[in-house]
Amino acid sequence: TEGITVALLAGLSMHGQLAVFGTGETISNVEIYLVPLTPSETNVEREDVTSRRRRPDGPRRAGQGRRGRQSRISREDKARRAVKALSDIRRTYSPALSTDDDGLFKFTNLDAGEYLVIFEHDDFLPSQEKVRVDDSRVIRELAIQLSPGEKLTGEVRLSDGNAAIGISVVLRSADGLVRRGETDGLGQYEVTGLLPGSYRVDFRERAREVAESQNIEIDSGINQFNYP
């Protein structure tokens, strides 16, 4: 099944499967946060969704389809909302569970109500979905896909010019999105799951800083950064 399928089952449980946007390949080790929503939070969410739906579209670029443009913006918007939600809840909540080797997950013994479900994996944009769990015994399905987002590639070299092997490359945005990569035997690295915007890049070896932090911009398309 392509995307995440979330089913509400009799007995107030929830299960589903995560997959990659556009390919259907399942994703293991996705951390899933389950946050109960209060009635006031639910109302704010509905008002915000209504205002976004009424917002007029801006001018389109030549050759750019409305549907494709809105789909990309929608994924980025949802990812930014998930980043903010994660920043707000991480001091209070830990991941409730992670997907298994087949990308599957299951929650059981849930109380009736509305939940914010947040999906987080280092290689993909985070995503979130609001889900209502009730005792109607009606099975509903909700399909969501995780996007790889933007990608950064590059290489890291030591002061003597040799490849820096096994160095962690950590990118952190101002709003709290953190993504990591590691240099290989040639000193090359790749980091995915990025949103367009400004990032600070740190280079670490066993939690020790091995180079000065750098500030970079991630754009839609090809991104490359070599150090030094």
Side-chain angles (χ1 to χ4, degrees), residues 4 18-33 72 75-87 89-91 94-95 97-103 105 118-128 144-228:
I4 302 171
L18 282 86
V20 181
F21 172 79
T23 71
E25 180 181 357
T26 57
I27 312 172
S28 61
N29 299 317
V30 178
E31 295 182 338
I32 304 176
Y33 296 78
R72 176 180 61 80
R75 291 194 299 273
E76 289 185 3
D77 179 64
K78 185 172 288 189
R80 292 187 191 281
R81 292 163 65 84
V83 170
K84 183 180 185 307
L86 285 168
S87 179
I89 69 168
R90 270 182 167 148
R91 293 183 180 180
S94 297
L97 50 77
S98 298
T99 55
D100 63 17
D101 290 341
D102 296 316
F105 70 90
I118 307 173
F119 307 95
E120 166 73 329
H121 190 288
D122 258 0
D123 295 337
F124 301 90
L125 293 180
S127 188
Q128 67 176 41
I144 307 172
Q145 301 167 322
L146 298 189
S147 170
E150 303 302 333
K151 178 170 67 174
L152 175 69
T153 60
E155 65 179 20
V156 182
R157 295 196 170 273
L158 303 173
S159 57
D160 59 8
N162 290 323
I165 301 172
I167 299 297
S168 295
V169 182
V170 183
L171 277 73
R172 187 184 305 272
S173 69
D175 53 6
L177 178 62
V178 179
R179 290 294 180 258
R180 299 173 175 84
E182 184 173 307
T183 57
D184 59 18
L186 298 175
Q188 298 175 345
Y189 69 90
E190 176 180 294
V191 182
T192 58
L194 298 169
L195 284 163
S198 301
Y199 290 81
R200 187 187 74 194
V201 185
D202 294 313
F203 305 93
R204 298 175 180 171
E205 184 179 29
R206 298 188 181 90
R208 178 177 62 90
E209 299 288 343
V210 296
E212 292 184 0
S213 297
Q214 305 292 312
N215 295 314
I216 66 170
E217 289 287 331
I218 296 296
D219 298 317
S220 297
I222 299 174
N223 296 278
Q224 187 173 49
F225 180 74
N226 300 324
Y227 184 85

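Since the structure is predicted, the reported quantities are computational estimates derived from the model, not experimental observations.
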Can you find a pair of side-chain heavy atoms, one from Val169 and one from Leu152, that are under 4.5 Å apart? no

Testing the basics here: between Glu190 and Lys151, what is the closest heavy-atom pair and its distance to 0.1 Å? CD-CD, 3.4 Å

Closest non-hydrogen atoms of Asp122 and Val178, given as atom of the first, atom of the second and distance, are OD1-O, 3.9 Å

Report yes or no: does Glu150 contribute a side-chain atom to a donor-acceptor pair with the main-chain N or O of Gly221 at less than 3.5 Å? yes

To the nearest 0.5 Å, how far apart are CG in Leu195 and CG in Leu171? 12.0 Å

Could you check if a side-chain atom of Glu76 sits within less than 4.5 angstrom of a side-chain atom of Ser220, using non-hydrogen atoms only? yes

With a 3.5 Å distance limit and no angle check, can you tell me whether Ser127 reaches the backbone of Phe119 through a side-chain donor-acceptor pair? no

Pro126 and Leu177, any side-chain heavy atoms less than 4.5 Å apart: yes

Closest non-hydrogen atoms of Tyr189 and Phe225, given as atom of the first, atom of the second and distance, are OH-O, 2.7 Å

Show me the pairs that pass salt bridge (Lys or Arg N to Asp or Glu O under 4.0 Å) and involve residues 210-225, at least two apart or across chains. none

Going by the angle between their ring planes, with limits at 30° and 60°, are His121 and Phe124 parallel, tilted or perpendicular? perpendicular

Minimal non-hydrogen separation, Leu125 against Gly149, with atom names: CG-CA, 3.7 Å

Got a donor-acceptor contact below 3.5 angstrom from the Thr99 side chain to the Val30 backbone? yes

Run the salt bridge (charged side-chain N to carboxylate O under 4.0 Å, His left out) test against Glu155 and tell me which residues pass, sequence neighbours left out. Arg157

Determine the minimum heavy-atom distance between Gln224 and Gly154, stating which atoms define it. CG-CA, 4.2 Å

Please, which pairs that meet side chain to side chain donor-acceptor pair (under 3.5 Å) have at least one residue in residues 179-188, sequence neighbours excluded? Glu120-Arg179

Closest non-hydrogen contact found for Pro196 with Arg80 is O-NH2, 3.0 Å

Keeping Asn29 on the side-chain end and Ile27 on the backbone end, is there a donor-acceptor pair under 3.5 Å? no

